[in-house]
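On a predicted model such as this, the values are computed, not experimentally measured, just so you know.
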Amino acid sequence: MLHPLKKRAAVLLSISTVAAAAVLASPVSATSAAPAAAAPKQAALRWTGCATPRYPTLQCASLKVPLDHARPAGRQISLALTRVPHTAATSAGPLLVNPGGPGGSGRALAGFVASALPKEVAARYDVIGFDPRGVGKSEPALDCGAGHFNPVRPDSVPRDAATERANLERVRSFAESCRSRHADVLPHIDTVSAARDIEALRTALGAERISYFGYSYGTYLGAVYAKLHPQRVHRLVLDSVVDPNGVWYEDNLAQDRAFDARHKAFLGWVAEHDAAYGLGTDAADVEERWYAMREDLRRTAAGGKVGPSELEDTYMPGGYFNGYWPNLAEAFAAYAVKKDPKPLVAAYERFGAVDPSAGNGYSVYTAVQCRDSAWPKDWNQWRADMWRTHAAAPFMTWNNAWYNAPCAFWPTEPLRAPDVANADLPPALLLQATQDAATPFHGALSMRDKLKGAALVVEEGGGNHGISLSGNKCLDEKVAAYLTTGRAADATCPAQAAPKPTTATRAVPPSAGGAALHGLLGFRG
């Protein structure tokens with residue numbers, strides 16, 4: 001769904017603990033459902049300087065939390081934290097930030113958000129970044145094994161039984177590797193547990209209430225925390241909103257259709273700029289040439305690295321951020337027009353190839369999504385659903401299926417996804433682009449309906465994933481006003497202009513906006 005895998009250029013509790021466990025984590029084991037013992041007293045956080053040239057006031061700390069919140073005196077794990085402290089005379093308290101995933105590291109996001117907000121707004125908040133349980137510098141960090149995405153993988157589209165068997169073996173092996181490496185931890189890597197970690201962090205911060213700013217999957221994590229602790233929420237900003245009604249199998253099917261539409265938008269943009277790329281002026285013809293390129297790569301992988309699955313990995317980031325379109329178009333044109341595969345290989349290495357930390361991000365992604373809710377265990381259902389969806393949306397359906405397919409073989413029993421409906425919150429602010437592929441627009445409508453008093457700011461015609469603090473002045477003003485006053489109203493903002501072609505293969509055109517943010521959010525994050 002909200003994948004944390006790819007390279008990055010560098011998406012609340014008045015209920016009692018026992019009642020929350022019954023509502024939010026059913027079915028659960030007898031152990032996790034047991035009444036919680038008194039938690040050990042939380043030691044004060046020790047912040048130390050960990051400044052960077054860009055963020056000179058950044059501080060770091062770690063927090064011990066129970067692996068199993070039903071056994072607070074049991075095994076402890078640690079969360080890695082960052083902070084940009086407030087500078088104003090009067091503090092508005094902590095503002096926790098999360099970039100999504102699940103599996104995305106949030107430590108770097110604190111500095112970004114503190115610097116991207118207007119100075120007078122940021123000055124009032126302690127902006128707190130954190131690596132959720134299992135992620136990044138938090139310990140233990142999950143890693144189910146290297147090499148799962150090494151090229152060249154089998155074609156994602158299983159046109160024959162042998163290809164399907166090869167892909168099934170890959171995902172079964174990954175699930176088994178997770179079981180063998182992390183059997184003791186996997187039952188506790190889930191969204192509800194992460195939300196309870198946030199409450200432990202609030203306590204450690206000594207804050208009566210916290211504010212929260214989440215992108216992508218981070219919107220769902222924030223909504224779950226808000227369900228648990230509504231009276232602890234000061235402000236709640238949710239950008240690029242997960243549909244809480246589809247967690248997670250149905251959300252992925254909806255995402256497949258939205259990514260296909262966004263890929264068509266990219267190909268239409270290429271057709272509009274035929275003078276630069278020479279791929280034709282008709283979008284349908286350009287699409288035909290893209291799929292012809294994919295077919296060529298089935299026969300011979302470009303540079304021994306880019307087969308059809310890697311091609312999809314390379315072009316999928318264009319569905320998250322249109323600032324990548326010029327680079328992707330250049331690689332497409334070089335291969336299809338000039339018969340030169342080198343730019344395509346370079347684009348894969350930049351956008352599609354995994355980075356050294358990707359094993360951790362993907363391991364947490366699968367652990368959370370597979371544990372959060374039930375997935376079909378009968379592969380025949382997956383096969384039927386994927387072929388039906390692929391017929392209408394061929395770009396990413398099967399690629400996304402194999403990304404999530406370890407859940408068909410996952411070693412932990414699923415929980416029941418919570419109903420995040422909430423009438424006890426202060427007004428929340430939701431932001432959503434109408435053409436977002438990773439979190440389709442209807443999800444924001446669903447979340448607004450569930451959060452009483454929430455306001456939705458729509459980026460009309462926008463297709464990027466993660467839209468605030470990325471160059472849209474109208475959106476950014478809404479966020480700043482909300483964080484200042486706590487008041488929000490439904491509104492519409494125009495989308496930023498589409499990018500222009502560029503001949504600088506490595507450049508991200510500034511006209512698109514948001515390059516810094518999207519580097520932090522990642523491509524499948």
Side-chain angles (χ1 to χ4, degrees), residues 3-10 146-153 155-156 259 262-263 266-267 269-271 273-280 286-287 289-359 361-362 395-396 399 403 464 498-512 514-516 518-525:
H3 315 305
L5 171 65
K6 302 304 173 189
K7 279 191 176 180
R8 298 171 184 264
H148 185 67
F149 291 95
N150 286 353
V152 174
R153 308 197 306 273
D155 189 349
S156 65
F259 262 108
R262 194 64 183 153
H263 186 58
F266 160 67
L267 298 172
W269 179 88
V270 172
H273 296 286
D274 180 60
Y277 303 117
L279 286 159
V286 175
E287 182 175 18
R289 295 189 75 167
W290 193 90
Y291 282 100
M293 174 172 65
R294 188 189 190 283
E295 190 65 21
D296 286 346
L297 295 171
R298 287 185 69 234
R299 293 186 285 269
T300 305
K305 292 183 178 181
V306 186
S309 294
E310 290 75 26
L311 181 73
E312 292 161 346
D313 293 348
T314 302
Y315 281 79
M316 176 271 301
Y320 283 85
F321 178 46
N322 64 6
Y324 303 132
W325 286 5
N327 306 82
L328 296 172
E330 286 180 14
F332 179 13
Y335 185 92
V337 177
K338 301 177 183 177
K339 310 304 178 186
D340 181 3
K342 291 190 292 295
L344 184 62
V345 174
Y348 164 71
E349 291 173 343
R350 181 182 180 191
F351 296 117
V354 301
D355 72 8
S357 65
Y362 180 64
F395 171 54
M396 282 291 293
N399 188 297
Y403 199 89
N464 290 340
K500 301 295 184 183
T502 174
T503 56
T505 302
R506 291 286 177 179
V508 174
S511 61
H518 287 84
L520 293 171
L521 299 186
F523 302 151
R524 279 183 147 166

*Find the distance between CZ (F259) and CG (N399) and round it off to the nearest 0.5 Å.*
10.0 Å
_Could you report the tightest heavy-atom contact between A301 and G307, atom names first, then the distance?_
CB-N, 4.0 Å
*State, yes or no, whether a side-chain contact exists between N464 and R262 at a heavy-atom distance under 4.5 Å.*
yes
*What closest approach, in Å, do A302 and L344 show between heavy atoms, and which atom pair accounts for it?*
CB-CD2, 4.2 Å
*So, for Y403 and F149, is the gap between ring centers shorter than 6.0 Å?*
yes
*So, do L521 and F321 sit near enough that their side-chain heavy atoms are less than 4.5 Å apart?*
no
*Hey, could you give me the CD/CZ distance between E295 and R299, rounded to the nearest 0.5 Å?*
5.5 Å
*asked:* Checking side-chain contact (heavy atoms from CB on, under 4.5 Å) between W290 and each of V270, L311, L279, which is the one that passes?
replied: L311
*Beyond-backbone contact of M316 with M396, side-chain heavy atoms, under 4.5 angstrom*: yes
_Closest contact, heavy atoms only, E310 versus P151_ = OE2-CA, 3.7 Å
*Report the C-alpha distance between L267 and R289 in whole Å, list the side-chain angles of each, state the deciding distance to 0.1 Å, and finish with yes or no for side-chain contact (heavy atoms from CB on, under 4.5 Å).*
CA-CA 10 Å; L267 298 172; R289 295 189 75 167; over 6 Å; no
*asked:* Is the ring pair Y291/H263 parallel, tilted or perpendicular, if the boundaries are 30 and 60 degrees?
replied: perpendicular
*What are the two closest non-hydrogen atoms of S309 and R153, and how far apart are they?*
CB-NH2, 3.6 Å
*Could you grab the distance from atom CG of L297 to atom OH of Y348, nearest 0.5 Å is fine?*
12.5 Å
*Please work out which of the three classes, parallel, tilted or perpendicular, describes the rings of Y362 and H148, given edges at 30° and 60°.*
parallel
*Check P326 against P501 and note the closest heavy-atom contact, atom names and distance.*
CB-CA, 4.4 Å
_V286 side chain near F332 side chain, heavy-atom distance below 4.5 Å_ = yes
*asked:* Do the side chains of R294 and D155 get close enough for a salt bridge, i.e. N-O under 4.0 angstrom?
replied: yes
_Heavy-atom pair of closest approach, residues F351 and T314_ = CB-O, 3.7 Å
*Verdict with reasoning, W269 to Y277, per ring pair (Phe, Tyr, Trp, His ring centres under 6.0 Å)*: CA-CA 11 Å; W269 179 88; Y277 303 117; 5.7 Å; yes
